[in-house]
There are 2 protein chains.
Amino acid sequence: MIYTVGEMAKMLSVAPSTLRYYDKEGLLPFLERSGGGMRMFKDADFEWLFIIDCLKKAGMPIKDIRDFIEMVMKGDETIGDRLELFNKQRKAVEEKISQLQATLDTLNYKCWYYETAKKAGTTAVPREMNMEEVPEQMRHVKEMLQKAHSI
Amino acid sequence: MIYTVGEMAKMLSVAPSTLRYYDKEGLLPFLERSGGGMRMFKDADFEWLFIIDCLKKAGMPIKDIRDFIEMVMKGDETIGDRLELFNKQRKAVEEKISQLQATLDTLNYKCWYYETAKKAGTTAVPREMNMEEVPEQMRHVKEMLQKAHSI
DNA sequence: TATTGACTTAAAGTTAACTTTAAGTTGTAG
DNA sequence: CTACAACTTAAAGTTAACTTTAAGTCAATA
């Protein structure tokens, strides 16, 4: 199957202008054109775009993604570098997830805080609570928030 | 204790200009000034800034954070809205984490793919493998990548 | 063959969240 | 009292990743 830029964009849930931008930035050297100059996406190109999207979600800038695509175009001699690149991105995403987990801990604390305040009608109640009255999983967040006071 | 903008910036690992920018955008209405116009951060302000940072990490834009800060300044009548806001942000972060988990699955597949390619000396080996030869946890990624072919 | 919707390009515009610059002020250490 | 680092402001600059615009071309349908 052959797809136009609009069709492929729909398959990926992005704007056609995004795919044109990627092409201009050198991310799509594999892309073929019709005699009249129209972009012709193949089924196999979906895989390229899926991986590009994955690297974007991992936080990689467009220019670095282009460097990776160029590596792939060079062939098997770059396998080692590509493996290294994916190991690096894996680590980066693992770190992002654990950072977001810490953020989630803080949000959970604040949800508990405002649920408690709502029941009491005032934020004074959760605010003035002793550490023992705070649910165990929340305590490290409360400690974090009071960090400055203990310096 | 009282801190200058530079000292507080160091405590939060941000640039002093970032705190000045937040101030200009109305995120720090609690902040006091010296007679000469210098910003004077208190220990309690660390907690405000920690929560601002948490909301930023949750993906909230500066303007929405300002709206939240204004809610807090209004007092106990906004407790319900604040609880709703934090529940919303919690959900948003949970979704971000599961999106990143899917990205991690793809990266893990690619790491396996290039490890296999490296051992064989060519990407042809993992590329041409049947589904049964692919480790079980990786199979759904390979299926995803081949999605377009089956449409 | 004419219409029409989707395509083409280059170039300019957008957005958020800062960062830098320039000119001047404050506060502290010697 | 003088130096000087760190502060103050307003305004302009930066960056990435698109998006929009304008002027024109392609290709499928009636």
Side-chain angles (χ1 to χ4, degrees), chain A residues 1-42 45 48-69 89 92 96 99 103, chain B residues 1-42 45 48-69 89 92 96 99 103:
Chain A
M1 271 294 276
I2 296 292
Y3 310 94
T4 66
V5 70
E7 286 162 350
M8 186 51 100
K10 205 161 274 174
M11 287 166 68
L12 294 158
S13 306
V14 301
S17 63
T18 303
L19 295 183
R20 292 192 191 104
Y21 167 70
Y22 289 173
D23 191 15
K24 199 178 65 171
E25 293 301 309
L27 266 64
L28 318 179
F30 48 83
L31 179 57
E32 294 182 30
R33 300 282 189 135
S34 75
M38 300 293 200
R39 289 175 183 84
M40 299 193 308
F41 288 86
K42 302 176 295 296
D45 296 346
W48 280 101
L49 290 164
F50 191 90
I51 295 302
I52 286 170
D53 190 47
C54 168
L55 292 174
K56 256 191 340 129
K57 283 171 179 159
M60 211 168 169
I62 296 289
K63 291 191 179 188
D64 293 0
I65 296 175
R66 184 188 54 206
D67 294 346
F68 162 70
I69 302 281
Q89 292 308 307
K96 273 194 188 211
Q99 169 60 80
T103 299
Chain B
M1 270 295 276
I2 296 292
Y3 310 94
T4 65
V5 69
E7 286 162 353
M8 187 50 100
K10 207 160 272 172
M11 287 166 69
L12 294 157
S13 307
V14 301
S17 63
T18 303
L19 295 183
R20 293 193 191 104
Y21 167 70
Y22 289 172
D23 191 15
K24 201 179 64 172
E25 293 301 310
L27 268 63
L28 318 179
F30 48 83
L31 180 57
E32 293 182 29
R33 300 283 190 135
S34 75
M38 299 293 199
R39 290 175 183 85
M40 299 193 309
F41 288 85
K42 301 177 296 296
D45 297 345
W48 281 101
L49 291 164
F50 191 90
I51 296 302
I52 286 170
D53 191 47
C54 168
L55 292 173
K56 257 192 338 132
K57 283 171 178 160
M60 210 169 170
I62 295 290
K63 291 190 180 189
D64 293 359
I65 297 176
R66 185 188 53 208
D67 294 344
F68 162 70
I69 303 281
Q89 292 308 307
K96 273 194 188 211
Q99 168 60 79
T103 298

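Throughout, protein chains are lettered first and strands after them, A, B, ... in sequence-line order, and every chain is numbered starting at 1.
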Result for side chain to side chain contact (heavy atoms under 4.5 Å, CB included) between A/Leu27 and one of A/Leu19, A/Leu49, A/Ile65 points to A/Ile65
Base, sugar-phosphate or nothing for B/Lys56? Non-hydrogen atoms, less than 4.0 Å. sugar-phosphate
Students often get this wrong, so: under 4.0 angstrom with heavy atoms, is A/Thr18 touching a base, only sugar-phosphate, or nothing? sugar-phosphate
Review point. Quick one: does B/Tyr22's side chain get under 4.5 Å of B/Lys56's, heavy atoms only?
Key: yes
Separation of D/dA11 atom C1' from B/Tyr21 atom OH, nearest Å, is 15 Å
Taking C-beta and beyond as the side chain, do B/Arg39 and B/Thr4 meet within less than 4.5 Å on heavy atoms? no
Query raised in the report: In terms of side-chain geometry, is the basic nitrogen of A/Lys57 or A/Asp53 positioned less than 4.0 Å from the acidic oxygen of its partner?
Result: yes
A/Leu12 atom CG is separated from D/dC18 atom P, nearest whole Å, by 12 Å
Of B/Leu55, B/Asp64, B/Ile52, the one forming a side chain to side chain contact (heavy atoms under 4.5 Å, CB included) with B/Ile69 is B/Ile52
Between protein and nucleic acid, restricted to nucleotides 4-9 of chain D and to nitrogen or oxygen atoms under 3.5 Å apart, what atom pairs and distances do you find?
| residue | atom | partner | partner atom | Å |
| --- | --- | --- | --- | --- |
| D/dC7 | OP1 | B/Thr4 | OG1 | 2.9 |
| D/dC7 | OP1 | B/Gly6 | N | 2.9 |
| D/dT8 | OP1 | B/Arg39 | N | 2.9 |
| D/dT8 | OP1 | B/Arg39 | NH1 | 2.8 |
| D/dT8 | OP2 | B/Arg20 | NE | 2.7 |
| D/dT8 | OP2 | B/Arg20 | NH2 | 3.3 |
| D/dT8 | OP2 | B/Arg39 | NH1 | 3.0 |
| D/dT8 | O5' | B/Arg39 | NH1 | 3.4 |
| D/dT9 | OP1 | B/Arg33 | NH1 | 3.2 |
| D/dT9 | OP1 | B/Arg33 | NH2 | 3.0 |
| D/dT9 | OP2 | B/Arg39 | NH1 | 3.1 |
| D/dT9 | OP2 | B/Arg39 | NH2 | 2.7 |

B/Lys63 atom NZ is separated from C/dA16 atom P, nearest whole Å, by 6 Å
Between CZ of A/Arg66 and P of D/dA16 the distance, given in whole Å, is 12 Å
Please determine whether a side-chain nitrogen of the Lys or Arg among B/Asp23 and B/Arg20 lies less than 4.0 Å from a carboxylate oxygen of the Asp or Glu.
no
A/Ile2 CD1 to D/dA27 P, in whole Å, measures 13 Å
To the nearest angstrom, the CG-C1' distance between B/Leu19 and C/dA17 comes to 13 Å
d(A/Tyr21 OH, A/Ile62 CD1) to nearest 0.5 Å is 5.0 Å
Notebook entry, point to check: Within the structure, does a side-chain N or O atom of B/Tyr22 lie under 4.0 Å from either OP1 or OP2 of C/dC18?
Noted result: yes
Contacts of B/Gly59 and B/Gly35 projected onto DNA chain C by closest heavy atom; the upstream (5') one is B/Gly59
Of C/dC18, D/dA17, D/dA27, the nucleotide closest to the side chain of A/Ser34 is D/dA27
Rounded to whole Å, CE of A/Met8 lies from P of C/dC7 at a distance of 13 Å
From CD1 of A/Ile62 across to P of D/dA17 the rounded distance in Å is 5 Å
